[in-house]
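Input: a single structure, listed below in structure tokens.
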2 protein chains.
Amino acid sequence: MNTYTAANPSTGDAREHFKMAVSVDCVIFGWEDETLKVLLLPSLEPEHQGCWMLPGDTVQPEETLSSAAWRVLAPHAAFSGLELEQVHAFGTVHRHPVGSLVSVAYYSLVNAAQAPFKGTLRWHSLKRLPNLLPYHKEMLDTCYRRLQHKVIDGPIGIDLLPEKFSLRTLQHLYETILDVKLDRRNFRKKFFNMDILVDLNEEEDSVPHRPARLYKFDAGKYDLRTKKTLGF
Amino acid sequence: MNTYTAANPSTGDAREHFKMAVSVDCVIFGWEDETLKVLLLPSLEPEHQGCWMLPGDTVQPEETLSSAAWRVLAPHAAFSGLELEQVHAFGTVHRHPVGSLVSVAYYSLVNAAQAPFKGTLRWHSLKRLPNLLPYHKEMLDTCYRRLQHKVIDGPIGIDLLPEKFSLRTLQHLYETILDVKLDRRNFRKKFFNMDILVDLNEEEDSVPHRPARLYKFDAGKYDLRTKKTLGF
DNA sequence: ACAAAAGTGTTGACGTTACACCCATGG
DNA sequence: CCATGGGTGTAACGTCAACACTTTTGT
């Protein structure tokens with residue numbers, strides 16, 4: 001068979017080509033209690049007792065990759081406004097005895113408090129991960145790196161923080177995701193210069209220290225900042 | 001069936017899941033004659049007479065995605081040092097009557113003069129593309145965008161240019177890929193500051209204008225510049 | 001002499017980093 | 001009065017964009 005035409009299954013016996021399984025696996029990062037978490041469920045595979053896995057499912061012939069990812073998360077009402085982004089396709093030789101599986105990883109970052117789990121799904125702190133299926137660990141790592149890059153080249157936080165929030169809270173979100181300490185003054189300057197914050201002229205209440213001013217996002221300006229540019 | 005465990009084909013009748021085809025399609029950009037090209041071959045599908053397509057093949061059960069991409073290009077000796085990078089997985093509903101196909105796009109950028117085509121493969125200028133299979137056009141566009149971003153955050157050119165080259169040639173490479181005009185002085189500054197060029201103290205010969213100085217890349221320093229950093 | 005491309009510096013705007021002190025609140 | 005975190009300004013530096021004239025060669 002010609003190598004270059006084999007990609008067209010209508011050449012030869014097409015059924016010979018349709019022997020793979022494709023799954024989507026969702027790495028849903030959640031922000032809750034000032035902690036970065038990820039959504040997992042316990043594995044039922046006997047050979048991986050005690051392991052957890054990413055929510056996912058095999059892709060059905062009549063759906064697209066992204067709609068399969070959506071379907072996996074659909075039972076969770078709070079995910080209705082979810083933006084899933086494809087990150088990478090992982091292929092492993094003979095992961096399963098019956099044939100080969102290709103897993104396409106999607107990720108998102110949501111407000112965990114607004115996404116109550118159902119079934120056996122649970123939020124797990126990224127800092128205290130349980131054992132994962134090995135290839136799921138790789139997917140999670142790759143998606144986490146993607147998340148970190150995402151955070152660097154555009155603002156995040158809308159949908160994650162309460163409507164009114166302090167700059168401390170916002171900075172802590174960034175520090176947690178990037179896993180670094182940031183300078184408070186520079187962080188403030190950066191955000192004020194972005195011009196996406198609205199000063200509510202309100203203060204925190206009942207905190208055991210000087211109360212912080214509260215802000216909200218200016219949704220319109222926030223969206224503008226998420227557009228990418230192709231400077232040289 | 002439980003949505004979340006369906007990703008494990010060992011649950012239930014596993015064979016039910018292995019009905020997909022996965023292909024890799026390679027978007028190989030080539031630089032030759034001061035032109036950016038892409039490697040294509042004519043489609044043999046009757047319903048797409050005259051269309052060209054990307055070289056690709058279905059993934060076999062005993063290989064990984066990247067090794068499948070490698071295999072597709074293996075007949076081309078000059079590709080032996082090739083760095084293929086995965087870009088995106090494309091899934092389409094019922095692209096073929098027999099079942100669904102997921103195509104994983106890989107890309108690379110090579111010296112087209114050192115990669116002579118064989119069979120029906122041909123280099124096509126990006127500026128004068130023939131008709132492509134519709135989904136291949138989408139893959140090409142996505143990979144081209146990836147290439148442009150790649151060019152922005154690290155140096156390219158080693159392996160693409162002759163060993164000795166002028167800054168005009170290098171700048172033209174960048175201008176072609178980014179599809180913009182660049183300021184000559186700023187471009188020079190940028191590259192000299194990167195400290196990856198070695199001045200050969202030689203000049204062009206037999207050009208109908210003032211001859212340009214010739215440079216080569218400092219391979220070691222060049223490699224250092226390709227490492228990414230995660231600044232905030 | 002002319003055409004064609006090579007080579008060269010400065011300035012201003014902007015973003016990033018580093019860094020130290022006083023302020024407001026609750027306990 | 002103490003502990004905790006809130007809030008503020010400035011200087012050094014690097015990067016980037018904009019911009020014009022002189023030099024060297026071949027014809």
Side-chain angles (χ1 to χ4, degrees), chain A residues 34 148-149 151-155 161-162 164-176 178 180-216 221 224-225 227-232, chain B residues 34 148-149 151-155 161-162 164-176 178-216 221 224-225 228-232:
Chain A
E34 308 257 306
Q148 290 185 316
H149 281 103
V151 165
I152 287 171
D153 57 42
L161 300 178
K164 305 176 178 186
F165 54 87
S166 67
L167 275 176
R168 177 186 67 257
T169 306
L170 183 60
Q171 180 173 344
H172 186 234
L173 171 62
Y174 273 73
E175 290 180 334
T176 304
L178 293 174
V180 293
K181 269 287 174 201
L182 301 173
D183 181 89
R184 195 158 29 120
R185 283 169 291 191
N186 294 336
F187 183 83
R188 289 170 160 268
K189 253 180 301 182
K190 188 175 183 103
F191 265 87
F192 290 144
N193 286 342
M194 276 196 229
D195 193 32
I196 58 177
L197 294 178
V198 179
D199 187 338
L200 293 169
N201 286 310
E202 294 179 53
E203 290 188 341
E204 283 178 318
D205 211 23
S206 315
V207 287
H209 53 76
R210 176 174 172 179
R213 301 180 72 85
L214 295 177
Y215 299 84
K216 68 181 174 100
K221 292 175 179 170
L224 288 180
R225 284 279 164 176
K227 316 296 181 203
K228 295 243 181 95
T229 146
L230 193 74
F232 177 63
Chain B
E34 308 257 305
Q148 290 185 317
H149 280 104
V151 164
I152 287 172
D153 56 41
L161 301 178
K164 304 175 180 188
F165 54 88
S166 66
L167 274 177
R168 177 185 68 256
T169 305
L170 182 60
Q171 180 172 344
H172 186 233
L173 170 61
Y174 273 72
E175 289 180 335
T176 304
L178 293 175
D179 200 24
V180 292
K181 269 287 175 202
L182 300 174
D183 180 271
R184 198 169 61 231
R185 282 169 290 191
N186 293 336
F187 184 83
R188 290 168 161 267
K189 252 178 301 182
K190 188 175 183 106
F191 265 86
F192 290 142
N193 285 342
M194 276 195 228
D195 193 32
I196 57 176
L197 295 179
V198 179
D199 187 338
L200 293 168
N201 286 310
E202 294 179 51
E203 289 188 342
E204 282 179 317
D205 212 23
S206 316
V207 287
H209 53 75
R210 175 173 174 179
R213 300 180 73 85
L214 295 177
Y215 298 85
K216 69 181 173 97
K221 292 175 179 170
L224 288 180
R225 284 280 165 174
K228 294 245 182 93
T229 146
L230 192 75
F232 178 65

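Letters go in sequence order (proteins before strands), and every chain restarts at 1. We use all heavy atoms of the structure for the numbers below, so side chains are in, but hydrogens, waters and symmetry mates are not.
Looking at A:T169, its side chain never comes within 3.5 Å of a backbone N or O of A:F165 through a donor-acceptor pair. Under the 3.5 Å distance criterion, the side-chain polar atoms of A:Q171 are matched with a main-chain donor or acceptor of A:L182. Between the side chain of B:E204 and the main chain of B:A212, a donor-acceptor pair closer than 3.5 Å is present.
Atom P of nucleotide C:dA6 and atom CG of B:L214 are separated by 11 Å, given to the nearest angstrom. In this structure, A:M194 places its CE atom 12 Å from C1' of C:dG15, rounding to the nearest Å. Rounding to whole angstrom units, CZ of residue A:F192 and C1' of C:dC14 are separated by 19 Å. Summarising the geometry, the separation between CG on A:L167 and P on D:dG7 is reported as 7 Å, rounded to the nearest angstrom. As a whole-Å value, the separation of B:N186 CG from C:dC14 C1' is 15 Å. The CZ-P distance, from B:F191 to C:dT8, rounds to 16 Å in whole Å. One interatomic measurement links the two molecules: CG of A:L182 to P of C:dT16, which rounds to 12 Å at whole-angstrom precision. Remark: P of C:dG7 and CD of B:Q171 are 11 Å apart, rounded to the nearest angstrom.
Backbone-only contact: A:R213 has heavy atoms under 4.0 Å from sugar-phosphate atoms and none from a base. Contacts of A:R168 with the nucleic acid, taken as non-hydrogen atoms under 4.0 Å apart, involve only primed sugar atoms and P, OP1 or OP2. Residue contacts shown for B:N193 are absent, as no nucleic acid heavy atom lies under 4.0 Å away.
Side-chain atoms of A:R210 lie closest to D:dG5 of the nucleotides D:dG5, D:dT24, C:dT8. With C:dA6, C:dA24, D:dG7 as the candidates, the nucleotide lying closest to the side chain of B:R188 is C:dA6.
Of the two residues near DNA chain D, A:H209 and A:K189, the one whose nearest nucleotide lies more 5' is A:H209. Remark on DNA chain C: of its neighbouring residues B:P211 and A:P208, the 5'-side contact belongs to B:P211, judged by nearest-heavy-atom nucleotide.
Side-chain atoms of B:R185 and base atoms of D:dA20 include a donor and an acceptor less than 3.5 Å apart. A:R184 contributes a side-chain N or O that forms a donor-acceptor pair with the base of D:dG7 under 3.5 Å.
A heavy-atom distance below 4.5 Å is not found between the side chains of A:T176 and A:E34.
We find the CG-NE2 distance between B:L178 and B:H149 to be 10.0 Å, quoted to the nearest 0.5 Å.
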